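Beneath this line is the structure, given in structure tokens, with notes to follow.
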Amino acid sequence: MPYFDYSAHTQADPSVLRRLVELEEHTIGNANSAHQEGRAANAVMASILEDIASLCKVSPEELILTSGATESNNLAVKGIAMASRHVGKHIISTAMEHSSVSACLTSLQASGYEIDLVRVGSDGLIDTEELRDLLRRDTCLVSISAVESEAGIVQPVEEIASILASFPNTRLHIDTTQAIGKIPVSFAYGDTISFSPHKFYGLTGTGVLIRKKGVSLSPQMEGGASTTPYRSGTPALSLSGSIVPALETALKEQETHYQEVLKKNLFLKEQLSSIPSIRINSSKHSIPHILNLGIKGINGRDLQKRLDEKGYCISVKSACSSDLLPSRTVMAMYKDRRRALEAVRISISHKTTEEELQGLAQALKDIAEEVVS
Ligand code: PMP
């Protein structure tokens, strides 16, 4: 079935599966156990952490392995907010964050934190001038996605980090879940950085949070020892090992894959250009891997259903938010509820074929004509 939902999930690469099986077959001990097999597992875990750290150009002590970006974002946002109460209870973010960030902000707000959402322009970029105005001495956290998940907007992370340089007590959390393997990501920016390997041909159930040295974080789980005090529980050795080949390939092939996806994105847009009722919501700042669009007169959920019936898998917004609500991203960009309700997300990969793109364009054309008549 033609798959256009690579931003929701990718299928694990064979090298990832091989590493998982290899590690599972050859290690028996719990990495926390003091006996020989435990020590052996601990040594393997240490080398896995070394490998991931060297790929991210951070130190192994800065790595917290989690179950996914949802957990990483929860740990970063709530963990920083709770550990930085002495700084203040003011947080800045955007209306375009993934629900694993925005839901944390809602619950922090209920417990007395003040949340400001920085304005977003129709091109999807945050207004960095407004960010400067919103920053206060009691701002404990700024949380932003390097690439937003519904329209694929690339935010100016480097500029945001430089604005925050004059606020040394304000922590910056960067969600790079939709960025890794798609655009170059510098792990030099941000106090905490999250991502999920299943977005780049790794395994679901693995996640990473980078916590830079000196950043205080309140652990969100209690009990049980691990390789880090910030996330307890027996280290998931084979799952952790599977991150290495996924990340290695994602970083090594990023530019090649980007060029391939860019060509496919342009080809799809060209095919769609003859359909007058299609409105593209992605902007010039979107990654080519995500094309957010809508057909006038049909809401996103119905469009998804009609495409599903024709054999095409796409998303309404991101896989983790309710399909009945308007897209928060499209709403923030265009301030148009109708447009936000019509929005769907098509996500492509270097694996997407021209034939699949032609088929999808034809299916969209047919639906657009049915809607008009
Ligand atoms: N952040 C962003 C930007 C995402 O797109 C996603 C996945 N939809 C997540 C966080 C959560 O990732 P996971 O579902 O792997 O926990």
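Everything quoted here is computed from the prediction, not taken from an experiment. In listed order, ligands and their atoms are each counted from 1.
For ligand 1, the atoms lying closer than 4.0 Å to a non-hydrogen atom of Ser100 are 10 (C). Which parts of ligand 1 touch Asn73 is read off a 4.0 Å heavy-atom cut-off, strictly below it: atoms 1 (N), 10 (C). Near Gln178, the atoms of ligand 1 lying under 4.0 angstrom from a non-hydrogen atom of the residue are 3 (C), 4 (C), 5 (O). Distances below 4.0 Å separate heavy atoms of Ser196 from the following atoms of ligand 1: 12 (O), 13 (P), 15 (O), 16 (O).
For the pair Glu342 and Arg339, the salt-bridge criterion is not met [side-chain N within less than 4.0 Å of a carboxylate O]. Glu369 has no carboxylate O lying under 4.0 Å from a charged side-chain N of Lys365, or vice versa, which leaves the two without a salt bridge.
Distances from ligand 1 to the non-hydrogen atoms of Glu71 include no value under 4.0 Å.
Close N/O approach between His98 and ligand 1 is found [any backbone or side-chain N/O within under 3.5 Å].
Grouping Ile, Leu, Val, Met, Phe, Trp and Tyr by side-chain contacts under 4.5 Å, direct or through others, puts Leu203 with Val16, Leu17, Leu20, Leu239.
Put simply, the side chain of Thr10 never gets that close to the backbone of Tyr6: no donor and acceptor are under 3.5 Å apart.
Remark: of the listed residues Thr227, Thr228, Thr206, Leu49, Leu49 is the sole one forming a side-chain contact (heavy atoms from CB on, under 4.5 Å) with Leu65.
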**OP:** Assess whether ring-ring contact (aromatic ring centres under 6.0 Å, His included) is satisfied between His257 and Phe200, documenting all intermediate values.
**Re:** CA-CA 11 Å; His257 287 167; Phe200 49 87; over 10 Å; no
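When heavy-atom distances to ligand 1 are checked against a 4.0 Å cut-off, Thr70 comes that close through both its backbone and its side chain.
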